[in-house]
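Report on the following structure.
Because the structure is predicted, anything quoted here is derived from the model rather than measured.
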There are 2 protein chains.
Amino acid sequence: MVILQQDFVFLACPMQSTPSYYPKQISFPTNTNIYNKNFFKPNSKAEAKLIDAKKHSESEKRRRMRINSQYTTLRDILPNLIKVNQNGDKASLLAEAVRRDECVLPGGVDKLSIEQCEGEKEGLVKATCSCEDRPGLKSEMTRAPSCVKGRVVRAEMVTVGGRSKNAVWLQRLGGGNEGVVALKRALKMVADRPVLPRNVSKKLPFPR
Amino acid sequence: MVILQQDFVFLACPMQSTPSYYPKQISFPTNTNIYNKNFFKPNSKAEAKLIDAKKHSESEKRRRMRINSQYTTLRDILPNLIKVNQNGDKASLLAEAVRRDECVLPGGVDKLSIEQCEGEKEGLVKATCSCEDRPGLKSEMTRAPSCVKGRVVRAEMVTVGGRSKNAVWLQRLGGGNEGVVALKRALKMVADRPVLPRNVSKKLPFPR
DNA sequence: GTGGACACGTGATAC
DNA sequence: TGTATCACGTGTCCA
């Protein structure tokens, strides 16, 4: 992607220069070398200890900066809501990031959940599923409920970094708890289907 | 929503009991009261100081616990990728959470960006836009490019907490940089339209 | 005066 | 080894 034009329209919050994140791989500009004992011989054991302490505290300071620059970024990208509520402290910031992530994005472990949507006259049920992404996953997810009663009225998919979160809404899912169990089984089969590497024969040469 | 059935299928990572987040409102079970000087008179100034220090360090420990329980949750919900790369330290964890959030979810400030998709023969352009959600926003976003050349081949929307992120893909956007500017202006008009409160006449009784 | 939030330097520990 | 990360207790600032 080549960014052609980018516009930032700041509403409530003032313009802030976001400190960029310094990855561990890129060394920070430090004066650590002058403390190197091979380069600068200390006069005594006490002096050596002091130098070590200084090195240590400076490296810890850099670590804190790395972490805090992430908090600053988080403060910038999270919606204003959290700021006006004075919930800008670290724990609340993290909690909000977790809440947003959990709500929409696929998790790292395979999950399957079925929920009853309240306030719906015709009994709307939402089935959510996180798993590895693969071609055709969404249509398989949408077709899976064909083994139970009910009609798919909506389907959503969000894929990030090879992991996929699928949601399917079903109207008039019949059969009570048995219907729920059957739906769950059908979706689980789709989610559990192994992702075969491309250009590899489906007949595996060894047992799984 | 009523959760009917929820299934967790742990693949690579072992079962972990995630410490739940303790919101600040709910007081932690502490023994703080026994340190209350009105309740338990200290014998000396030194003793009072020691009690204060103890109170302080315990409250700081609770704060650390609040923050760290969020990191644990984050470790659980972020995809495995990050774990196998041994990037489980706090800064990397935060960076990954930021990356995922930024990539898909709407931010707290209104944004508008237009990107050229590389490797596309027919000149595909992606326009992204974060703003307040409102009924009909997606269709307005999809219709907005009608004032420029090109065809909308795809549109996506993610809405979380009243904020919306919209993406529209255009094929064969003509007019060079002028086309980009015109597209930007059209989308900005849609994004900037004020959200009127429900059941309020569109004819405002006072000038804006 | 009280509690909450943060930065700091230090000891422990892992690789 | 040195070089990371982390938890801890403390000093300080602010509401």
Rounded to whole Å, how long is the line connecting atom [atom1] of [X] with atom [atom2] of [N]?
{"X": "B:Asp89", "N": "C:dA14", "atom1": "CG", "atom2": "P", "answer": "17 Å"}
{"X": "B:Asp52", "N": "C:dG1", "atom1": "CG", "atom2": "C1'", "answer": "10 Å"}
{"X": "B:Lys49", "N": "D:dT10", "atom1": "NZ", "atom2": "P", "answer": "11 Å"}
{"X": "B:Lys55", "N": "D:dG11", "atom1": "NZ", "atom2": "P", "answer": "16 Å"}
{"X": "B:Ile67", "N": "D:dC6", "atom1": "CD1", "atom2": "C1'", "answer": "13 Å"}
{"X": "A:Arg75", "N": "C:dA5", "atom1": "CZ", "atom2": "C1'", "answer": "11 Å"}
{"X": "B:Arg64", "N": "C:dG4", "atom1": "CZ", "atom2": "P", "answer": "15 Å"}
{"X": "B:Ile51", "N": "C:dG1", "atom1": "CD1", "atom2": "P", "answer": "15 Å"}

Inset, instruction - Considering only NZ, NE, NH1 and NH2 on the basic side and carboxylate oxygens on the acidic side, decide whether B:Arg154 and B:Glu156 come within less than 4.0 Å. - result: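 Counted as a salt bridge, because a side-chain N and a carboxylate O are separated by less than 4.0 Å.
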Inset, instruction - Nearest 0.5 Å please: distance from the NZ atom of B:Lys138 over to the OG1 atom of B:Thr159. - result: 9.5 Å
Legend entry - Atom pair CG/NZ of A:Asn68 and B:Lys90 - distance to nearest 0.5 Å: 11.0 Å
Inset, instruction - Name the residue closer to the 5' end of DNA chain D, choosing between B:Lys90 and B:Glu60 according to the nucleotide with the nearest heavy atom. - result: B:Lys90
Inset, instruction - On DNA chain D, check which nucleotide each of B:His56 and B:Lys61 is closest to and give me the residue with the more 5' one. - result: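 Looking at DNA chain D, the more 5' nearest nucleotide goes with B:Lys61.
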Does a side-chain N or O from [X] land closer than 4.0 Å to OP1 or OP2 of [N], or not?
{"X": "A:Arg66", "N": "D:dT5", "value": "yes"}
{"X": "B:Asn68", "N": "D:dA7", "value": "yes"}
{"X": "A:Arg63", "N": "D:dA4", "value": "no"}

Legend entry - Pair A:Asp89-A:Ser92, side-chain donor/acceptor within less than 3.5 Å: yes
Legend entry - Base C:dG4 to side chain B:Arg62, donor-acceptor N/O within 3.5 Å cut-off: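 Donor-acceptor pair under 3.5 Å: no.
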Inset, instruction - Check for a donor-acceptor pair, side chain of A:Arg100 on one end and backbone N or O of B:Pro106 on the other, with a separation under 3.5 Å. - result: yes
